[in-house]
J.: 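The structure that follows is given in the form of structure tokens.
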Amino acid sequence: MKSNSYDTKNCPYCSGKGYFQLLLGGSETCSCCGGSGKKKS
């Protein structure tokens, strides 16, 4: 069984996706991680 260590590497704001899903449709790059989906060290 895989560990959940990857959770700590994901950006907490976009859940590791690198973007936000907009309510009106489309998506916007996550400004916290710059779209990488990774948590900045």
Side-chain angles (χ1 to χ4, degrees):
M1 192 168 185
K2 290 182 180 178
S3 67
N4 288 333
S5 61
Y6 65 87
D7 289 340
T8 58
K9 295 176 186 171
N10 287 346
C11 177
Y13 296 97
C14 63
S15 303
K17 289 185 285 186
Y19 62 90
F20 293 111
Q21 200 69 40
L22 301 179
L23 292 173
L24 299 177
S27 59
E28 183 176 310
T29 302
C30 179
S31 58
C32 181
C33 66
S36 68
K38 301 290 184 203
K39 192 175 184 180
K40 287 184 178 178
S41 54

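Just so it is clear, the structure is predicted and the values come from calculations on it, not from any experiment.
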J.: Is there a donor-acceptor contact under 3.5 Å from the side chain of S15 to the main chain of K17?
T.: no

J.: Between P12 and K39, which heavy-atom pair has the shortest distance, and what is it?
T.: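 Closest approach of P12 to K39: CD-CG, 4.2 Å.
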
J.: Can you tell me how far the SG atom of C11 sits from the NZ atom of K9, to the nearest 0.5 Å?
T.: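 The NZ atom of K9 is 15.0 Å from SG of C11, to the nearest 0.5 Å.
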
J.: How does the hydrophobic cluster around Y19 look, that is, which other residues are in it when side-chain heavy atoms under 4.5 Å mark a link?
T.: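 Its cluster partners, ordered by chain and number, are none at all.
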
J.: Which ILVMFWY residues are connected to Y13, directly or by a chain of links, through side-chain heavy atoms under 4.5 Å apart?
T.: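 Same cluster as Y13: F20.
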
J.: Closest approach of C33 and G18, non-hydrogen atoms and distance?
T.: SG-CA, 4.1 Å

